[in-house]
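A quick write-up on the structure given underneath.
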Amino acid sequence: MTGWRKGILGFLILLLTVIPGFGDAQQAPKGTIKIYTSWPMQGGMIPEGTAMKRAVDLAVEHSKGVVAGYRIQIVNLDDASPVTGTWDGTIEAENAQKAVADKDAMAYIGTYNSGAAKVSMPITNKAGLVQITPANTYPGLTKPGFEKGEPDIYRPSGQVNYFRTHAADDLQGGAGAAWSKCLGLKRIFVLDDRQLYGKGIADVFDQEARRLGLQVVGHEGVESTAIDFRALLTKVKAAKPDLVYGGFVIDSGGVQIIQQMKALGMFDGGMKFMGPDGLYSPGLVEQATPAAVNNNVYLTFPGLPPDQLPGDAAKRFYNDYKAKYKEEPIGWSLYAYQSTTVILDAVKRAGVKDRAKILSAVRNTKNFPGITGIFSFDKNGDTTVTDMAGYLVKDGKFQFLRVIGKDMKC
Amino acid sequence: MTAQEVFLQQLINGFTTGSYLALIALGYTMVYGIIGLINFAHGDIYALGFFVSLSLLSWMGVTSTLTGGQLVWAIPSVMLLTMLVTGLVNVSVDRIAYRPLRHAPRLAPLITAIGASFVLENIMQNWYGPSQVYYYNIFPTINLAPALLGPQSEILFTTKDIFLFAVTIPLMVALTLFVKHTKIGKSMRATAQDREAAQMMGINIERVIMTTFLIGGALAGAAGMVVGIYLNTGRYLMGFDAGLQAFTAAVVGGIGNIPGAVLGGYLIGFLSALSDQYLSAAWTRATVFALLILFLIFRPSGILGEQIPEKF
């Protein structure tokens with residue numbers, strides 16, 4: 001090693017030893033609180049996973065990194081398997097165990113996939129560690145009435161430790177059905193990608209549509225990795241629906257369905273497509289082409305998008321995110337930010353590094369000025385704000401049409 | 001649409017899907033015939049054809065719908081280049097990953113093939129990103145059904161369907177003629193029959209294997225480009241899915257047998273379309289793989305058989 005290299009190394013070591021020590025002495029005399037995050041950070045999830053991580057970092061930065069005298073440290077874990085690139089139950093379980101075993105861990109932010117939450121929820125619950133999801137929308141995680149035994153099977157300790165700051169799929173599927181009735185779209189063909197999220201939301205839509213007196217002419221599950229859906233769409237076309245409802249996320253076939261509906265001339269006779277927030281991404285327009293989506297695609301979204309949100313908290317998030325990372329905060333990053341602020345607020349109110357006290361502070365979150373509005377948590381751990389937005393794709397952009405909801409009046 | 005129209009439309013769908021599956025299946029069957037390896041990376045070569053041709057098109061600035069003369073020079077030239085690239089990549093995969101294991105137990109190259117598949121997938125993922133990718137709509141779409149079947153027909157049979165057939169079918173015919181009537185084709189058949197005896201007769205085995213990988217890769221690359229033009233969409237994982245179906249086609253037709261792979265491709269195409277229509281899309285994959293299992297149990301040599309003395 002030459003002299004100058006030694007010098008640089010010495011300087012780096014000096015930096016490493018001095019700076020954290022300096023910070024501790026000045027601002028965080030009481031030690032460190034760790035917040036674990038866990039969602040896929042590879043494969044198709046790289047853009048969204050990264051955006052969510054950045055949003056969490058931004059929330060910590062907004063609190064100046066120190067809350068109630070504790071330095072806040074984020075431990076970012078990945079619950080995807082390198083083989084498949086999607087979430088893996090074993091890895092998610094390991095992540096949750098890691099957090100539970102760390103004495104400094106006071107909160108667990110995760111997961112992205114509802115299936116993964118089913119694995120980690122009992123683990124954090126037994127340890128009394130608060131868990132808050134930035135993205136899970138499967139209703140059975142918090143509410144009874146879906147799969148047998150839910151949600152108690154996720155709560156072995158009997159108390160609620162899992163929260164979400166956005167509305168679940170039962171509300172979104174219902175809002176979609178009510179909205180299509182208002183739009184006068186009465187014959188409906190339902191498609192889904194057979195995943196927990198896509199099928200879950202499509203099933204709720206299906207049930208609610210029937211309850212509202214709409215005619216569901218078919219319901220099919222597709223292979224989410226396929227790219228050629230012409231044969232299935234021929235069947236849909238022959239059924240002559242007014243609306244095709246698609247329970248998809250951006251990379252599970254919905255894009256191709258819309259593109260090939262256009263190629264088969266299905267939109268020509270006034271047929272429409274409606275999808276949930278999983279398709280709410282700029283990628284939809286880019287990948288399916290503006291010609292296919294414009295004026296043909298309706299989307300529902302639990303909450304308003306960052307750039308449309310009223311209130312200073314929302315503007316601050318949106319502007320600072322864009323300034324810092326030079327791109328739009330996509331998808332669920334908004335909720336990753338909001339979940340982090342809820343936890344930091346609870347730490348502040350609890351004032352001590354104690355899992356039980358912080359958990360109870362989160363549970364008692366009342367009239368919290370979040371970016372999606374002022375909300376509290378109900379007894380299941382769900383947000384009290386359930387307003388959703390209905391969009392139409394127009395000129396290659398998502399144009400906000402109206403506030404929608406399960407019990408909306410036309 | 002009347003019930004007859006729906007059936008006819010599904011036959012068209014099955015025929016188009018079958019055409020590109022058959023083209024991919026040929027690569028599986030040829031490589032298997034020569035070295036007894038199921039080349040799992042072959043599906044990814046098809047996806048690579050999609051991305052290479054897309055890059056070439058955008059590099060040449062060909063991004064909008066072409067007309068007249070442009071169609072005649074742009075598509076064939078891009079296709080030839082794409083086929084050359086994917087063919088050479090396939091040869092390199094063989095050279096780097098399979099050739100050192102030529103005399104190893106059969107499981108070793110099989111696992112290497114799965115590894116090669118992951119490497120290719122990750123390269124494409126880093127290259128074009130993990131999302132769906134839009135492929136330029138360069139081929140004009142005109143519905144020919146009203147002219148053929150009368151104006152009241154709701155069938156969709158477009159110039160793009162014709163394009164798909166016009167590329168895939170001649171390629172399949174050309175391959176068959178090549179293997180039957182050229183000297184190198186003859187040495188391929190000899191190698192498939194008995195590698196050691198062929199070597200003793202003075203056939204350069206490695207050169208035959210190289211040619212096989214080159215042709216198989218080129219055909220898969222062509223299929224990738226055709227599907228891009230036809231569906232205008234793709235994704236780095238598209239080869240995995242298509243590869244599984246094409247592999248099934250090759251087995252059903254009789255692995256190692258060229259007309260068998262083509263027949264198998266069309267069979268899978270029709271079966272998928274009809275199952276989507278009359279069963280349920282959720283059962284289509286199960287139907288296709290049930291067919292594979294039935295063949296493996298009751299007729300492991302496929303429809304046309306392995307045809308040992310006349311493998312190609």
Side-chain angles (χ1 to χ4, degrees), chain A residues 40 42-49 82-86 191-192 194 199 218-240 250-260 262-266 269 281-292, chain B residues 1-3 5-14 16-17 20-21 47 50 118 121-122 125-126 129-137 141 143 154-156 158 160 227 230-238 240-242 244-245 269-270 272-278 280-285:
Chain A
Q42 54 187 310
M45 275 296 292
I46 290 171
E48 179 126 29
V83 180
T84 60
T86 53
L191 298 175
D192 67 61
R194 293 197 276 160
K199 184 177 178 342
H219 187 156
E220 296 262 0
V222 310
E223 202 63 49
S224 61
T225 51
I227 57 168
D228 187 346
F229 297 109
R230 291 169 302 129
L232 172 63
L233 288 174
T234 299
K235 180 179 189 175
V236 174
K237 189 180 178 185
K240 294 197 190 311
I250 195 73
D251 59 359
S252 70
V255 169
Q256 277 85 358
I257 294 276
I258 295 169
Q259 208 178 1
Q260 286 161 32
K262 170 75 179 170
L264 297 184
M266 291 166 72
S281 155
L284 177 73
V285 180
E286 205 176 288
Q287 295 154 19
T289 73
Chain B
M1 282 175 119
T2 63
E5 278 184 325
V6 170
F7 184 72
L8 182 60
Q9 185 74 64
Q10 292 296 13
L11 288 187
I12 296 173
N13 291 338
T16 48
T17 310
Y20 65 77
L21 284 182
F50 176 92
F118 279 133
E121 281 170 11
N122 279 310
Q125 185 195 344
N126 284 312
S131 319
Q132 330 273 0
V133 175
Y134 171 68
Y135 197 99
Y136 307 123
N137 191 13
T141 316
N143 189 8
E154 286 186 67
I155 296 280
L156 205 64
T158 68
K160 266 192 186 170
V227 166
Y230 187 68
L231 292 178
N232 303 116
T233 187
R235 196 180 168 211
Y236 77 101
L237 274 177
M238 66 196 270
F240 177 75
D241 201 65
L244 270 181
Q245 296 192 60
F270 288 126
S272 312
L274 295 178
S275 157
D276 270 3
Q277 177 68 41
Y278 299 106
S280 163
W283 287 102
T284 298
R285 205 50 64 87

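To find a chain, count down the sequence lines: A is the first, B the second, and so on, and within it residues start at 1.
Put simply, the side chain of A:D251 does not reach to within 4.5 Å of the side chain of B:S131, judged on heavy atoms. For the pair B:I12/A:R230, no side-chain contact is recorded, criterion being any heavy-atom separation below 4.5 Å from C-beta on.
Looking at B:Y20, the atoms closer than 4.5 Å to chain A (heavy atoms on both sides) all sit in the side chain, from C-beta outward. Proximity to chain A (any heavy atom under 4.5 Å) is shown, for B:T17, by both the backbone and the side chain. For chain B, the nearby part of A:Q260 is the side chain; its heavy atoms alone come within less than 4.5 Å. Using a 4.5 Å cut-off between heavy atoms, B:E154 touches chain A through backbone and side chain atoms alike. Residue contact with chain A, scored on non-hydrogen atoms closer than 4.5 Å, is absent for B:L237. In this structure, the portion of A:R194 lying under 4.5 Å from any heavy atom of chain B is its side chain and not its backbone. For chain B, the nearby part of A:I250 is the backbone; its heavy atoms alone come within less than 4.5 Å. For B:F240, no part sits under 4.5 Å from any heavy atom of chain A, backbone or side chain. Within the 4.5 angstrom heavy-atom criterion, atoms from both the backbone and the side chain of A:A226 approach chain B.
Chosen from A:T289, A:T234, A:L232, the residue pairing most often with chain B at heavy-atom distances under 4.5 Å is A:T234. Considering only heavy-atom pairs separated by less than 4.5 Å from chain A, the leading option among B:R285, B:M238, B:M1 is B:R285. Highest contact tally toward chain B, considering only A:L191, A:I227, A:V255, A:I46, is held by A:I227 [criterion: heavy-atom pairs under 4.5 Å]. Across A:V222, A:V236, A:L264, the residue that shares the most heavy-atom pairs under 4.5 angstrom with chain B is A:L264.
Using modelled atom types, no side-chain atom of B:Q125 and backbone atom of B:Y236 make a donor-acceptor pair closer than 3.5 Å. In this structure, B:Q277 contributes its side chain and B:F7 its backbone to no donor-acceptor pair below 3.5 Å.
A side-chain donor-acceptor contact under 3.5 Å links B:T284 and B:S275. Side-chain contact annotation: B:T233 with A:Q256, donor-acceptor N/O pair under 3.5 Å present. Between the side chains of B:K160 and B:N232, at least one donor N or O sits under 3.5 Å from an acceptor N or O. At a cut-off of 3.5 Å, with distance as the only test, a side-chain donor of B:S280 or A:E220 sits close to an acceptor on the other residue.
Between B:R235 and B:D241 no salt bridge is recorded (no basic side-chain N to carboxylate O distance below 4.0 Å).
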